[in-house]
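Ligands are counted one by one from 1 in listed order, and the atoms in each one are counted from 1 as well. The first residue in the sequence is number 1, and the count goes up from there.
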Amino acid sequence: MSSLEEMKKQVFEANMALVGHGLVILTWGNVSGIMRAEGIVVIKPSGVPYDEMKAEDMVAIDLDGNKVEGKLKPSSDTATHLVLYKAFKEIGGVAHTHSTHGAAWAQAGMSIPLTGTTHADYFSDAIPCTRDMTQAEIEGEFEKTTGDVIVETFGNRNPMHIPGVLVKNHAPFTWGKSPAEAVRNSVVLEEVAKMGAIAHSLNPNLSMNDHLTRKHFERKHGPNAYYGQG
Ligand SMILES: O=C(CO)[C@@H](O)[C@@H](O)COP(=O)(O)O
């Protein structure tokens, strides 16, 4: 199996895992993976029902968005994925879902606060919500700008320490070292979004002390990983 065929298989399995975890319905969402040495991104085809999708349907594009292999049209979110790969050099996979609770926090325009150890095990801080896009941005290259606004939201923070974001009035994007890890982070994001929504409705004044957060995050990611030192 060539490295491209292997990546198409990985990306296909990751997209099917979105369905398996109940994170997408119809044709919503998408997962991609990057072959950095070859400068190729493999992504889900646009508008294809998951129950009709095959590994060979995955589309290969270069970092400028030009199709290099595949019969179908790449996902409509391709430009967003490409911005993230160019800005976040450590990531190997990107996932986008419209998972209910994550999309609800995005529609509310609220970051998911860090108030639980489940959250702290995977995200070292609140899961941020991006700012509003300007009218010019909305009317311009919307998908590329969606990526730009995500990158702007992170500033110089380590994206591997907060491997996900809520795009305001849209939905979550997550990433990781591989397509499978990006999907794992989408699963966690949806779970902590659900927990956060319930906790917030019970007590709007949620809090969590830094030491507990730091202990849990460093347990998973090693000493000094907290606050992006790792
Ligand atoms: O976010 C959206 C649309 O808002 C997309 O994820 C969703 O429609 C899936 O599009 P693709 O089938 O990947 O082109």
Discussion item. Test of understanding: clusters of I, L, V, M, F, W, Y form through side-chain heavy atoms closer than 4.5 Å, transitively. Do Val59 and Leu63 belong to the same one?
Written reply: yes
Discussion item. Check this for me - ligand 1, Val48, N or O atoms closer than 3.5 angstrom, yes or no?
Written reply: no
Worksheet item: Does an N or O anywhere in Lys44 fall below 3.5 Å from an N or O of ligand 1?
Response: yes
Discussion item. When you measure from the side chain of Ser124 to the backbone of Ala120, do you find a donor-acceptor pair of N or O atoms at a distance under 3.5 Å?
Written reply: no
Fill in: Lys168 side-chain N/O to Cys129 backbone N/O, donor-acceptor pair under 3.5 Å
no
For [atom], which protein heavy atom lies nearest, and how many Å away is it?
atom: atom 10 (O) of ligand 1; answer: Ser76 OG, 3.2 Å
atom: atom 9 (C) of ligand 1; answer: Thr27 O, 3.2 Å
atom: atom 2 (C) of ligand 1; answer: His98 NE2, 3.4 Å

Worksheet item: If you measure from atom 6 (O) of ligand 1 to every heavy atom of Asn15, Asp77, Thr78, Thr146, which option wins on shortest distance?
Response: Asp77
Atoms of ligand 1, numbered as shown, that sit under 4.0 Å from any heavy atom of [X]:
X: Gly29; answer: 6 (O), 7 (C), 9 (C), 13 (O)
X: Ser75; answer: 11 (P), 13 (O), 14 (O)
X: Asn30; answer: 6 (O), 9 (C), 13 (O)

Worksheet item: Non-hydrogen atoms of Lys73 versus ligand 1: any pair closer than 4.0 Å?
Response: no
Worksheet, complete the sentence: Joining Ile, Leu, Val, Met, Phe, Trp and Tyr whenever any side-chain heavy atoms lie under 4.5 Å apart, the cluster holding Val149 also takes in Met133, Ile138, Phe142
Worksheet item: Which of these, Thr213, Val192, Leu189, sits in a side chain to side chain contact (heavy atoms under 4.5 Å, CB included) with His119?
Response: Val192
Worksheet entry | Ring geometry between Phe173 and His96 (parallel below 30°, tilted from 30 to 60°, perpendicular above 60°) | parallel
Item to complete: Could you tell me whether the side chain of Glu190 reaches within less than 4.5 Å of the side chain of Thr100, counting heavy atoms only?
Response: yes
